[in-house]
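To keep things clear, I will list the structure first and then write my remarks on it.
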Amino acid sequence: MKSPLISIIIPIHNRERFLDRCLASVCAQTFHNMEIILIDDGSTDKTPSICDKWAKKDSRIRLIHTPNRGVAEARNLGLKIASGNYIGFVDSDDWIEKEMVEELYLSLQKHNADISMCGIFLNSSDNGQTLGVKNDSSKEYVITGNKAFKLLIMDKTILSYLWNKLFRRELFLGISFPPGRVFEDHNTIYKLFARSKRVSHTGKNRYHYIQHPLSILNANTPQMEIDFFWSNVDRIQYIRQCKFLSEKEKKTTLALACQIHAQIRLQDKKRNTGDLLRK
């Protein structure tokens, strides 16, 4: 029997330096029954031609060139056209080990989970050298969606990244990424975890996250601080309305979320963005 189709969504904007390595790693996966959705989000460098080259090379690639609308809209477009039973994401700067997609899929099947995840290598943009790891585990495990949700809110054991995870398609019904915002994953992923019944970890580090000056997360602008601030406001409001959490669990989870929120407000004050945040 043919394995269920997996859709891998890759939003791309001006990543000519890293794109070949990224796409080579995705196309070389040991799991073959995939569609690879490339959303070229208004790139002005050589990115469009690189995408065209790979689309001709691998028939599994679905390529769309669009005007620049931001990563959230690129992800939403990818979700709209995806036909897979499972959804994964890769950032165009990064690359993945060849076993990653297959191991995430097998972990979902083995544990009857809705979300599976793997650990992350942190790599230098200069030479690819490994600088550390995140979200790693020494062994495979599975936990309830309720517990995973609370760990995600803490953002330490389980991190609010899309790209080291595989999701059942149904989790995205009625959910989209907020247009025009950065930290769109942080603003959305907790809703997916809230819908999950079981979440698993492969026990392997398979995703390579590149740290480099071009990264949007290193720009550190006032607007980014504002977007992250409101993302945490949304989280707090969501927790207050959660029907699957007891009042005691809400109190504990809200305390954690509010603590993070308070830290952000202090950081904003130090950076003189307080006036912007009140507008």
CG/Asn68 to OG1/Thr44 distance, rounded to the nearest 0.5 angstrom? 8.5 Å
Just wondering, do Leu79 and Phe89 contact through their side chains at under 4.5 Å, heavy atoms? yes
Once ring-ring contact (aromatic ring centres under 6.0 Å, His included) is applied, what residue pairs with a partner in residues 112-138 remain, sequence neighbours excluded? Phe121-His208
Are Phe31 and Leu106 close enough, and set up right, to give a side chain to side chain contact (heavy atoms under 4.5 Å, CB included), and what steps lead you there? CA-CA 10 Å; Phe31 188 97; Leu106 291 177; over 6 Å; no
Side chain to side chain donor-acceptor pair (under 3.5 Å) contacts in which one or both residues fall within residues 110-119, not counting sequence neighbours: Lys110-Glu140, His111-Glu140, Asp114-Arg168
Between Asn164 and Gly119, is there a donor-acceptor pair closer than 3.5 Å when you use the side chain of the first and the backbone of the second? no
Any salt bridge (charged side-chain N to carboxylate O under 4.0 Å, His left out) pairs touching residues 96-109, not counting sequence neighbours? Glu99-Arg206, Glu103-Lys204, Glu103-Arg206
Could you tell me whether the side chain of Gln29 and the main chain of Val101 form a donor-acceptor pair under 3.5 Å? yes
For the CD1 atom of Ile239 and the NZ atom of Lys150, what is their distance to the nearest 0.5 Å? 11.0 Å
How far does CD1 of Ile210 sit from OG of Ser92, to the nearest 0.5 angstrom? 11.0 Å
Please confirm whether the backbone N or O of Asn123 pairs with a side-chain atom of Thr130, one donor and one acceptor, at under 3.5 Å? no
Between Arg60 and Cys27, what is the shortest heavy-atom contact and its length? NH2-O, 2.8 Å
Are Val133 and Leu151 co-members of a hydrophobic cluster defined by side-chain heavy atoms under 4.5 Å apart? no
Shortest non-hydrogen contact from Ile120 toward Asn135: CD1-CB, 4.1 Å
Can you check whether Asp94 reaches Cys22 side chain to side chain, under 4.5 Å on heavy atoms? no
Heavy-atom closest pair, residues Val90 and Pro11: O-CD, 3.8 Å
Residues Asp20, Lys53: salt bridge by 4.0 Å N-O rule: yes
Say whether Phe193 and Val142 are linked into one hydrophobic cluster, either directly or through other cluster members, by side-chain heavy-atom distances under 4.5 angstrom. no
What is the minimum heavy-atom distance between Ile87 and Ala82, and which atoms define it? CD1-CB, 3.8 Å
Describe, in one word, how the ring planes of Tyr86 and Tyr105 are oriented to each other, choosing from parallel (under 30°), tilted (30 to 60°) and perpendicular (over 60°). perpendicular
Among all residues two or more places apart in sequence or in another chain, which pass the ring pair (Phe, Tyr, Trp, His ring centres under 6.0 Å) test with Trp54? none
Would a distance-only check, ignoring hydrogens and angles, find a side-chain to backbone donor-acceptor pair under 3.5 Å from Asp91 to Asp93? no
To the nearest 0.5 Å, what is the distance between CD1 (Ile37) and CG (Leu77)? 8.5 Å
Please enumerate all residues that pass side chain to side chain donor-acceptor pair (under 3.5 Å) together with His65, with sequence neighbours excluded. Asp40, Asp52
Measure the acute angle between the ring planes of Tyr207 and Trp163, then classify it against the limits of 30° and 60° as parallel, tilted or perpendicular. parallel
Can you tell me how far the CD1 atom of Ile36 sits from the CD1 atom of Ile6, to the nearest 0.5 Å? 11.0 Å
Are the side chain of Ser7 and the backbone of Gly84 linked by a donor-acceptor contact shorter than 3.5 Å? yes
Evaluate the ring planes of Tyr209 and Tyr161, with Trp represented by its six-membered ring, and classify them as parallel (under 30°), tilted (30 to 60°) or perpendicular (over 60°). parallel
Give a yes or no answer on whether the side chain of Ser137 reaches the backbone of Lys139 with a donor-acceptor pair at less than 3.5 Å. yes
In this structure, would Met100 and Leu5 fall into the same cluster of hydrophobic residues linked by side-chain contacts under 4.5 Å? no
Side-chain contact, heavy-atom cut-off 4.5 Å: Arg69 with Asp41? yes
Restricting to non-hydrogen atoms, name the atom on Pro178 and the atom on Asn187 that form the minimum distance, rounded to 0.1 Å. CG-OD1, 3.7 Å
With side chain to side chain contact (heavy atoms under 4.5 Å, CB included) as the test, would you mind laying out the steps for Ile143 and Ile158 before giving the verdict? CA-CA 11 Å; Ile143 55 178; Ile158 299 179; 4.1 Å; yes
Heavy atoms of Ala148 and Val199 approach each other most closely as CB-CG2, 3.6 Å
Side chains of Val71 and His13: does their closest heavy-atom pair fall under 4.5 Å? no
Sequence neighbours excluded - ring-ring contact (aromatic ring centres under 6.0 Å, His included) pairs with any residue from residues 127-147: Tyr141-His201
Side chains of Leu23 and Leu38: closer than 4.5 Å at any heavy-atom pair? yes
Does Arg195 reach the main-chain N or O of Leu171 with its side chain, forming a donor-acceptor pair under 3.5 Å? yes
Kindly compute the distance separating CG (Asp185) from CG (Leu159), expressed to the nearest 0.5 Å. 10.5 Å
Donor-acceptor check, side chain of Thr47 to backbone of Arg15, threshold 3.5 angstrom: yes or no? yes
Test item: Ser176 and Asn76 side chains (from C-beta on) under 4.5 Å apart, heavy atoms: yes
